[in-house]
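For ligands, and for the atoms within them, numbers begin at 1 and follow the listed sequence.
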Amino acid sequence: MYLVLLGAPGAGKGTQAATLTKELKLAHIASGDLFRQALSKGTELGLQAKAYMEKGQLVPNEVTIKMVLDRITAPDCAAGIILDGFPRNVEQAKALDEALKAQKKGIDKAVYIKVSEAELLKRLTGRWICRSCQAPYHEVSSPSRVKGKCDKCGCELYQRADDNTETIKKRLVVFFAETAPLIEYYSKVGKLIEVQGEGSMQDIGARIIAALKVKKSNN
Ligand code: AMP
């Protein structure tokens, strides 16, 4: 199964993708994580992306499309993927469709996780992430047991450099201008599923599974 998760920054794409990946046995490809890994390794790709990420802008399509299309040819993607944060504009969606078509595959569903702007701001400004396992926390709604430490692996929690109010507002503008047209793009071909993204993590996950009409794996 080939799934795209659509949603504004803070909509919970990463959180839901992590659960869905396990339940549906799919590979999780998060374009933002690929850029952050490249940045922390100091590679050419990381350097190309850095300034755009800091400003809350999209990294140019030629860089992003190549990075993601290369990644989805890896063996772990053969049984299907969940794309989180890609595509983020119509050009990326078309490039993805063409690449999958060449492999006689295609996107099955695009899940749009809908969250109000006020809630997005609240979530992102209080978000803390584990530096090692990427588990997300929120300083008010889901704090870690020990301040600054991950409950799962004990590693240090950090706030993303682009999770500050000024950059968050720019990222939301970019979402509504460039990514929101993908809602229509996938709706026109009958692939869009819209899910209410507020409530508990488990409830949102259950809504997605129900909307996809798939069975959870028990192991
Ligand atoms: P995310 O972790 O998905 O919020 O992405 C963090 C940042 O990485 C974004 O604000 C962009 O600068 C960059 N980025 C991630 N995915 C894409 C994409 N599909 N197209 C362009 N830039 C991206």
Side-chain angles (χ1 to χ4, degrees), residues 2-18 20-21 27-41 43-72 81-100 107 110-113 115 117 119-131 133-138 157-183 185-186 197:
Y2 286 76
L3 292 180
V4 164
L5 288 188
L6 289 175
K13 300 186 295 298
T15 306
Q16 293 303 331
L20 284 169
T21 302
H28 176 194
I29 316 283
S31 45
D33 287 348
L34 295 177
F35 282 131
R36 279 183 290 280
Q37 281 159 15
L39 203 59
S40 70
K41 286 186 195 150
T43 64
E44 177 64 31
L45 175 68
L47 291 177
Q48 283 173 317
K50 188 172 190 280
Y52 297 97
M53 294 174 80
E54 281 171 358
K55 288 189 214 132
Q57 292 170 353
L58 294 187
V59 178
N61 282 335
E62 59 269 27
V63 176
T64 309
I65 290 171
K66 182 177 182 322
M67 173 184 77
V68 176
L69 295 189
D70 281 352
R71 175 65 186 87
I72 66 174
I81 48 177
I82 297 185
L83 284 162
D84 155 10
F86 182 93
R88 251 188 168 85
N89 58 33
V90 171
E91 195 179 327
Q92 293 180 9
K94 286 184 175 163
L96 174 65
D97 282 345
E98 275 170 31
L100 291 177
I107 294 298
V111 180
Y112 171 42
I113 307 177
V115 175
E117 231 177 296
E119 174 69 16
L120 293 170
L121 261 175
K122 223 187 320 171
R123 286 186 190 176
L124 291 170
T125 49
R127 176 161 78 171
W128 289 77
I129 299 166
C130 173
R131 233 180 242 295
C133 74
Q134 315 301 319
Y137 296 88
H138 189 278
L157 303 183
Y158 81 107
Q159 282 197 296
R160 273 173 49 172
D162 57 354
D163 277 350
N164 63 77
T165 310
E166 193 191 338
T167 313
I168 291 167
K169 285 189 174 157
K170 287 188 196 151
R171 287 158 64 203
L172 290 178
V173 169
V174 168
F175 172 77
F176 288 109
E178 301 203 38
T179 310
L182 291 179
I183 298 167
Y185 180 89
Y186 288 111

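Numbered from 1 in the order shown, with element, the atoms of ligand 1 that lie under 4.0 Å from a heavy atom of R36 read 2 (O), 6 (C). Close contacts between ligand 1 and R171 involve ligand atoms 4 (O) [criterion: under 4.0 Å to a heavy atom]. Under a 4.0 Å criterion applied to the non-hydrogen atoms of Q57, ligand 1 contributes the atoms 11 (C), 12 (O). For ligand 1, the atoms sitting less than 4.0 Å from at least one non-hydrogen atom of S31 are 15 (C), 16 (N), 17 (C), 19 (N), numbered in the order shown with element in parentheses.
If you check which protein heavy atom lies closest to atom 23 (C) of ligand 1, you get F35 CE1, 3.7 Å. With respect to atom 18 (C) of ligand 1, the closest heavy atom belonging to the protein is T64 CG2, 3.5 Å. Counting protein heavy atoms only, atom 20 (N) of ligand 1 is closest to Q92 NE2, 3.0 Å. Protein heavy atom at the shortest distance from atom 5 (O) of ligand 1 is R88 NH2, 3.4 Å.
In terms of the salt bridge (Lys or Arg N to Asp or Glu O under 4.0 Å) criterion, residue partners of D33 (sequence neighbours excluded) are, by chain and number, R36.
Only side-chain heavy atoms of R160 come within less than 4.0 Å of ligand 1; its backbone N, CA, C and O stay farther off. At a heavy-atom distance under 4.0 Å, atoms from both the backbone and the side chain of L58 approach ligand 1.
Checking D162, V59, V68 against atom 21 (C) of ligand 1, the nearest heavy atom belongs to V59.
A salt bridge does not link E62 with K66: none of the charged nitrogens is closer than 4.0 Å to a carboxylate oxygen. A salt bridge links D163 with R171: the distance from a Lys NZ or Arg NE/NH1/NH2 to an Asp or Glu carboxylate oxygen falls below 4.0 Å.
In this structure, Q48 contributes its side chain and T43 its backbone to no donor-acceptor pair below 3.5 Å. No donor-acceptor pair under 3.5 Å is formed between the side chain of K13 and the backbone N or O of L5. A distance-only check finds a donor-acceptor pair linking the side chain of R123 to the backbone of A11 [under 3.5 Å].
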Derivation and outcome, salt bridge (charged side-chain N to carboxylate O under 4.0 Å, His left out), residues K94 and E91: CA-CA 5 Å; K94 286 184 175 163; E91 195 179 327; over 6 Å; no
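With a 6.0 Å radius and a threshold of 12 heavy atoms from other residues, nucleotides or ligands, K169 has its NZ atom at or below the threshold.
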